[in-house]
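Reviewing the structure listed below.
In this chain, residues are counted from 1 in sequence order.
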Amino acid sequence: QVQLVESGGGLVQAGGSLRLSCAASGRTFSSYAMGWFRQAPGKEREFVARIRWSSGSTYYPDSVKGRFTISRDNAKNTVYLQMNSLKPEDTAVYYCAAARDYGLGYAYEYWGQGTQVTVSS
């Protein structure tokens, strides 16, 4: 049974930092890509970062590029999202997800329960 468990969310002031963790279990993820998404109230879910587990290559949308960093720890089967220079508009529930890595687009099949990030102004 695959499980993705996020942690590390909380309340932080604008300009501050948080590190989210996603502990993955239930299968080998070496052939997967791991993504972070977020969803704010009344808004659609937004992609914020992706890492290919095998190569470690990463991808970010412009909205977070230079502020967010995704990484993985193979030994701990854990993916991280380091978020710096946080803005009030980063406030959302953040989700970790896993997709088989075929290198041609990603259909995320496993999702975590989410962790709340609130950035105060």
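For Glu46, the side chain to side chain donor-acceptor pair (under 3.5 Å) partners at least two apart in sequence or on another chain are Arg38, Ser63. Residues satisfying the side chain to side chain donor-acceptor pair (under 3.5 Å) test with Gln116, not counting sequence neighbours, are Thr118. With sequence neighbours excluded, the residues that form a salt bridge (Lys or Arg N to Asp or Glu O under 4.0 Å) with Arg100 are Glu109. By the ring pair (Phe, Tyr, Trp, His ring centres under 6.0 Å) test, Tyr80 pairs with no residue at all, sequence neighbours left out. Under the side chain to side chain donor-acceptor pair (under 3.5 Å) criterion, Ser30 pairs with no residue, sequence neighbours left out. Under the rule for a side-chain contact (heavy atoms from CB on, under 4.5 Å), the partners of Ser25 that lie at least two apart in sequence or sit in another chain are Gln3. Partners of Arg67 according to the salt bridge (Lys or Arg N to Asp or Glu O under 4.0 Å) rule, which considers only residues two or more places apart in sequence or in another chain, are Asp90.
Val64 and Tyr95 fall into different hydrophobic clusters, defined by Ile, Leu, Val, Met, Phe, Trp and Tyr side-chain heavy atoms under 4.5 Å apart, directly or through other members. Neither Val48 nor Val93 shares a network with the other; the hydrophobic side chains, linked directly or stepwise wherever heavy atoms of I, L, V, M, F, W or Y lie under 4.5 Å apart, form separate groups for each. Under a hydrophobic clustering in which Ile, Leu, Val, Met, Phe, Trp and Tyr are joined whenever their side-chain heavy atoms come within less than 4.5 Å, directly or via other members, Tyr94 and Tyr110 fall into the same cluster. The cluster map of Ile, Leu, Val, Met, Phe, Trp and Tyr, joined by side-chain heavy atoms under 4.5 Å apart, puts Leu81 and Trp111 in different clusters. In this structure, Tyr106 is not a member of the same hydrophobic cluster as Trp36, with clusters built from ILVMFWY side-chain heavy atoms closer than 4.5 Å.
Between the OG1 atom of Thr91 and the NZ atom of Lys43 there is a distance of 9.5 Å, given to the nearest 0.5 Å. Rounding to the nearest 0.5 Å places CD1 of Ile70 at 12.0 Å from CD of Gln82. How far CD of Glu89 is from OG of Ser121: 10.0 Å, rounded to the nearest 0.5 Å.
Note on residues 68-81: no pairs pass salt bridge (Lys or Arg N to Asp or Glu O under 4.0 Å), not counting sequence neighbours. Annotation: ring pair (Phe, Tyr, Trp, His ring centres under 6.0 Å) contacts involving residues 8-30, sequence neighbours excluded, comprise Phe29-Tyr32. Note on residues 26-69: no pairs pass disulfide bond (SG atoms under 2.5 Å apart), not counting sequence neighbours.
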Counting only pairs under 3.5 Å, give me each side-chain donor-acceptor contact of residues 5-18, with atom names and distances, residues two or more places apart or in other chains.
from, atom 1, to, atom 2, distance (Å)
Glu6, OE1, Gln113, N, 2.9
Glu6, OE1, Gln113, NE2, 3.4
Glu6, OE1, Gly114, N, 2.9
Glu6, OE2, Cys96, N, 2.8
Glu6, OE2, Gly114, N, 3.3
Ser17, OG, Asn84, OD1, 2.9

Without placing hydrogens or testing angles, list every side-chain donor-acceptor pair under 3.5 Å for residues 49-59, not counting sequence neighbours.
from, atom 1, to, atom 2, distance (Å)
Arg52, NE, Asp101, OD1, 3.3
Arg52, NE, Asp101, OD2, 2.7
Arg52, NH2, Asp101, OD1, 3.1
Arg52, NH2, Asp101, OD2, 3.4
Trp53, NE1, Asn74, OD1, 2.8
Ser55, OG, Ser57, N, 3.2
Ser55, OG, Ser57, OG, 3.1

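Aromatic ring pairs are classed by plane angle as parallel below 30°, tilted from 30° to 60° and perpendicular above 60°; the pair Tyr108 and Phe37 is perpendicular.
Between Leu4 and Ala98, the closest heavy-atom pair is CD1-N, 3.8 Å.
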